[in-house]
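Comments concern the structure below.
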Amino acid sequence: MELRGSAARFGRGLLASTPVALAYFPVAVSFGVAAAKAGFSLPEAAFMSIVIYAGASQFLAFALLAGGAPPALAIVSLLAMNARHLLYAPALLEGLRRIADFRAPRETHADVLAASETHADLCAPSETETNFRAPGETRADWPPTRWSWLWAFGLTDEVFASALGRVAGRRLNWSEAWQTGLGLGAYLAWVGGTTLGAVLGAGAFERWPAIDAALGFLLPALFLALLLAMFEGRHLAAAVVAVAAFALGSALASPSTGILVGMLAGGLAGVLSSARGERSAGPSAGGAP
Amino acid sequence: MVVCAVVGVGTYLFRYLPTRLGAGRTRGRFAGPLGAFLGSVGVAAVAALLAASLEPYLVPFARGVIAAGPSPAEARAAIAAVLGALATAATFRWRKDVAVATLTGALVYGVTWWLT
């Protein structure tokens with residue numbers, strides 16, 4: 001019974017991954033074609049997508065490795081770029097923990113309905129089943145992380161955003177099986193698209209130059225959309241300094257050096273900006289006149 | 001391959017290890033300067049990558065404007081890139097979806113490139 005329930009939740013997660021998978025696929029094909037153009041073999045391109053599974057850093061890996069960056073420098077740069085993933089699971093788990101207040105035990109469903117005027121707004125009828133704790137489940141059990149070693153692998157920018165959007169909307173049909181399905185659908189699209197792109201090879205779209213041109217622009221479009229998705233007002237200094245440092249590093253050395261310098265300079269600018277913000281917010285936060 | 005394997009394992013640990021710390025305990029560990037750096041380095045990396053990926057579309061055109069004048073190919077790429085970027089931003093503002101915005105931007109770029 002529990003296995004069947006988990007399979008159903010996994011299936012719903014797989015279905016929920018459709019928008020992400022549909023978007024990942026052409027970008028992954030473009031990545032595979034770009035890998036072939038850069039001289040990477042099919043196994044190398046597929047291996048990169050299977051193991052790293054982080055689009056932006058995979059494109060950065062091209063720039064660094066093709067630009068002759070030392071392996072140690074490439075590793076540090078790529079890991080620094082992916083360090084933002086440290087924050088995804090805590091943000092997701094924290095969001096889930098907060099909405100635990102809206103999960104009521106099954107036995108007291110009627111009582112909760114009577115007591116909470118907002119309950120109907122929080123729980124759509126189709127989501128009722130998962131908005132109530134299973135018998136024996138306590139608030140301390142929530143959110144579950146028993147299978148996090150599995151679903152955390154697929155916690156990319158877009159998968160995280162999809163899951164968090166569901167949590168932020170207090171649509172609590174979240175489960176580890178659902179999260180695993182969501183991640184797997186996106187992962188298969190990414191790896192499949194990369195493989196197809198690498199199989200098609202460098203000259204895949206030479207007969208259709210407009211398509212080739214459009215695929216080439218996927219990368220700047222992806223970075224712009226990612227930047228808009230991640231950007232908050234407090235990131236202004238980091239972004240501006242990163243672009244300025246990139247221009248300087250690129251002009252003085254190479255584009256790959258510029259990317260690394262921009263990334264680190266922007267990160268440090270973010271630290272300084274954050275410290276300044278805390279200092280200026282200090283007196284009012286403390287209630288001093 | 002070794003670089004990819006090390007980065008892959010590291011990225012997986014970035015995603016997985018915080019789930020073992022528990023929801024409440026992770027906040028304090030990523031606070032302070034480390035938290036500020038982690039919160040900014042991703043944005044900085046993407047901003048630098050955006051600049052690097054747009055450079056081939058815009059810099060040759062800018063150099064052409066300063067010198068004798070841009071070639072038709074440089075002007076075509078720059079116009080298509082600007083319209084593609086505007087389409088990406090507008091679509092993201094409308095749908096709040098990275099994937100849809102990316103695909104729309106690439107589509108607008110390709111159509112503009114084809115028409116000009």
Side-chain angles (χ1 to χ4, degrees), chain A residues 20 23 26 47-48 51-52 54 56 60 71 74-75 78-90 93-94 97 145 148-149 152-153 155 158 210-211 213-214 217-231 235 238-239 242-243 246 255 259 262-263 266-267 270-271 274, chain B residues 1-8 10-12 14-16 18-24 26-27 30 33 36-55 57 80-81 84-85 88-89 92-93 96-103 105-107 109-111 113-114:
Chain A
V20 180
F47 181 75
M48 201 183 283
V51 172
I52 297 180
L60 175 61
I75 288 171
L78 295 168
L79 286 177
M81 182 172 186
N82 290 344
R84 69 185 187 281
H85 292 194
L86 273 167
L87 305 174
Y88 288 173
L93 295 175
E94 180 66 18
R97 195 182 61 77
T145 54
S148 64
W149 60 270
F153 176 79
L155 215 49
E158 292 77 15
I211 295 177
F217 195 73
L218 273 173
L219 189 55
L222 171 68
F223 291 140
L224 177 57
L226 267 178
L227 184 64
L228 292 171
M230 298 162 75
F231 191 82
H235 293 136
V243 171
F246 162 76
I259 291 168
M263 191 166 66
V271 175
S274 170
Chain B
M1 288 287 215
V2 174
V3 170
C4 293
V6 172
V7 173
T11 303
Y12 170 67
F14 286 160
R15 292 171 180 166
Y16 167 63
T19 69
R20 305 319 311 163
L21 300 177
T26 50
R27 276 180 164 180
F30 298 119
F37 184 78
L38 290 176
S40 303
V41 74
V43 171
V46 175
L49 284 166
L50 174 63
S53 63
L54 281 175
E55 187 184 24
Y57 295 93
T88 304
F92 182 81
R93 189 178 169 85
K96 301 289 180 201
D97 188 314
V98 169
V100 173
T102 301
L103 293 176
L107 181 68
Y109 178 90
V111 170
W113 189 90
W114 186 53

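Chain naming here is simple, since letters A, B, ... match the order of the sequence lines and numbering starts at 1 in each. Computed over heavy atoms, backbone and side chain alike; hydrogens, waters and symmetry mates excluded.
Only the side chain of A:F47 comes within less than 4.5 Å of a heavy atom of chain B; its backbone N, CA, C and O stay farther away. Residue B:Y12 touches chain A through its side chain alone, counting heavy-atom pairs closer than 4.5 Å. Interface residue A:P71: backbone and side-chain heavy atoms are both found under 4.5 Å from chain B.
Taking the side chain as every heavy atom from C-beta outward, A:F246 and A:M263 never approach each other to under 4.5 Å. Proximity of B:V6 to A:L78: side-chain heavy atoms (C-beta onward) are nowhere separated by under 4.5 Å. Considering only heavy atoms from C-beta on, B:L103 comes within 4.5 Å of A:L218 through its side chain.
For B:Y57, the ring-ring contact (aromatic ring centres under 6.0 Å, His included) partners two or more places apart in sequence, or in a different chain, are A:F217, B:Y109. Under the rule for a ring-ring contact (aromatic ring centres under 6.0 Å, His included), the partners of A:H85 that lie at least two apart in sequence or sit in another chain are A:Y88.
Considering only heavy-atom pairs separated by less than 4.5 Å from chain B, the leading option among A:A54, A:S148, A:P26 is A:S148. In terms of heavy-atom pairs under 4.5 Å with chain B, the best-connected choice from A:I211, A:L224, A:V20 is A:L224. Counting heavy-atom pairs closer than 4.5 Å to chain B, the top residue among A:G262, A:G270, A:A221 is A:A221. Ranking B:A5, B:A48, B:G110 against chain A, the residue ahead of the rest is B:A48, based on heavy-atom pairs under 4.5 Å. Among the candidates A:P220, A:A238, A:A210, the residue making the largest number of heavy-atom pairs closer than 4.5 Å to chain B is A:P220.
A donor-acceptor distance shorter than 3.5 angstrom exists from the side chain of B:R20 to the backbone of A:T145, with no hydrogens or angles considered.
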